[in-house]
Amino acid sequence: MVVNPRVVIIGAGPTGLTAAALLTRYGVECVVLERWGAVYPQPRAVHLDDEVYRILGRLGLAEDFAAVSWPCHGLRLLDPGLRVLAEFRRAPGDGRHGYPQANMFDQPDLERLLRSRLEAIGGITPRGDTEVTSITQNETGPVRVEVTDRVTGARETIHADYVLGCDGANSLARASIGAMMTDLRFDQRWLVVDVATRTDLGEWEGVHQVCNPQRAATYMRIGKTRYRWELRLLPGESGEDFRERDRLHPLIAPWTKHVPADELEIVRVAEYTFRAQIADRWRDRRVFLLGDAAHLTPPFIGQGMGAGLRDAANLAWKLAGVIGGTLPEDVLASYEAERKPHARAMVRMAVLIGKAMTEGGRFGDLIRKVVAPRLALVPALAAHVLDSETPALRRSILIERPRLRRTLAGHLCPNTVLDDGRRLDDVVAGRFAVVTALTPSEADRTAIQSCGAVLITAHRSGELDRWLRAGRTDAAIVRPDGTALRSSNSLSQLCRSLPRFTAAWI
């Protein structure tokens, strides 16, 4: 174990493990502290999109994740009688990021993959049964992290240059920096049910959303033998009311139909309160908040866990550059500047969808009975419903977006297949890239090489060429996280503004 690591990560959920694996790929010494002794065995998150899958791909986990995930074929909106209001079928195949756009999985499976990869990259195993009791910092010097072994009671002090609080909704890291959660006005109690059975239920292989102001419900298949229901609890009900099979079975029987109740293994029945909240600040000096410590998203668009992995991908390379001395420390301010507005936009979208699916009154009735069925009849609108693309990042020190002109800055570059058969991310390998349809001069090539970046040629009529033309530009700087920093029609000018970033990608 590293005694005084450069980075301490609190929490070994998907966000903390992803942050640790990305930092370790840059050779940054990390310690991951986790209060549970091993992978938490219960299912929680069940969906990620192709943008988040792309992050797993950078860690070398694409094939492993494909083996434990289940493709989702789209979305079906149902009325209270389970009649189809609208159906949005997702086209088979990979999206712009090189992976399927909707993927179902069991969170413990993903965490085991991330732990295994972290061990393979840097020999790091999360320290389980470790309770963080305090985090303190001053204007100079390292952050002081006090921990207690939950088995032996032994206490220890760890010093680190930076601390990443990936410690969930009841975050000690958030409390330590005096941050508060801002309520975005959504609070609903739901029953979450996970069932295993070897009997195929024979249902459509997409998400079923029951639009019902009394008992809204969601059904989805998340694996070969695994199924998930989320059902809104009525006033006076609690999760405890449905622990018994006889009480639970009528709620899921519309989907299980002919399958005898004793052939359904109840993996988990839990009550959750779906909330929409975001921390008022995500950083104090050398302590950062990521994942549920920074934002809570209702599950209606399947973006809760993915937002945490996006946090990790946004911050890890910046920290690596600062720690390695090739980026100035002020770039770390871009983490909150970029991620907070993006997370807020996704939370608000989830709230809007949730209210449309579950609320009564004229608004809910209008959305369910009039608007939703007509969306499915217009191909462009139906495609938009299923589109996994998320909003562009806002302006920051590392996103140069003109206010009055269309630009690629803030948007993700497509993870297309290049001439040698590899995808863009595999060729870029954690570096900056210059993507251009122009022929670079020797001076341009020298500038790119001296900054530790890689040149990517956008061939005419190829996906990268179409991406550049959509942004009305001939060249773009793409950051290590795949986001365009800036674009320009002058390749030489672009090369002169390229940041120097030489952190080694292991």
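Just so it is clear, the structure is predicted and the values come from calculations on it, not from any experiment.
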Practice problem: Return the minimal non-hydrogen interatomic distance between S487 and L408, and the atom names on each side. | Solution: OG-N, 3.8 Å
Self-check item: Heavy-atom pair with the smallest gap, counting every atom of P298 and A350
Solution: O-CB, 3.6 Å
Practice problem: Starting at CE of M104, measure out to OG of S69 and round the result to the nearest 0.5 Å. | Solution: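 Going from the CE atom of M104 to the OG atom of S69 covers 10.5 Å.
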Should [X] and [Y] count as side-chain neighbours, where that means a heavy-atom distance under 4.5 Å?
| X | Y | answer |
| --- | --- | --- |
| K340 | R283 | no |
| L113 | V68 | yes |
| L48 | I55 | no |

Quiz item: salt bridge (charged side-chain N to carboxylate O under 4.0 Å, His left out) between R6 and D161: does it pass, once the steps are laid out?
Solution: CA-CA 5 Å; R6 304 306 298 266; D161 292 339; 2.3 Å; yes
Quiz item: Would you find a donor on one side and an acceptor on the other, under 3.5 Å apart, between the side chain of T133 and the backbone of E146?
Solution: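 Checking the backbone N and O of E146 against the side chain of T133, a donor-acceptor pair under 3.5 Å is found.
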Quiz prompt | Expected output: side-chain E336 to main-chain W282 donor-acceptor under 3.5 Å | solution = yes
Quiz item: Between the side chains of D49 and Q303, is a donor N or O closer than 3.5 angstrom to an acceptor N or O?
Solution: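 Per modelled atom types, D49 and Q303 side chains form a pair under 3.5 Å.
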Quiz prompt | Y162 and F288 aromatic ring geometry - parallel, tilted or perpendicular at 30°/60° bounds | solution =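 Plane angle between 30° and 60°, so tilted.
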Quiz item: What residue pairs, at least two apart or across chains, pass ring pair (Phe, Tyr, Trp, His ring centres under 6.0 Å) with a residue in residues 109-145?
Solution: none
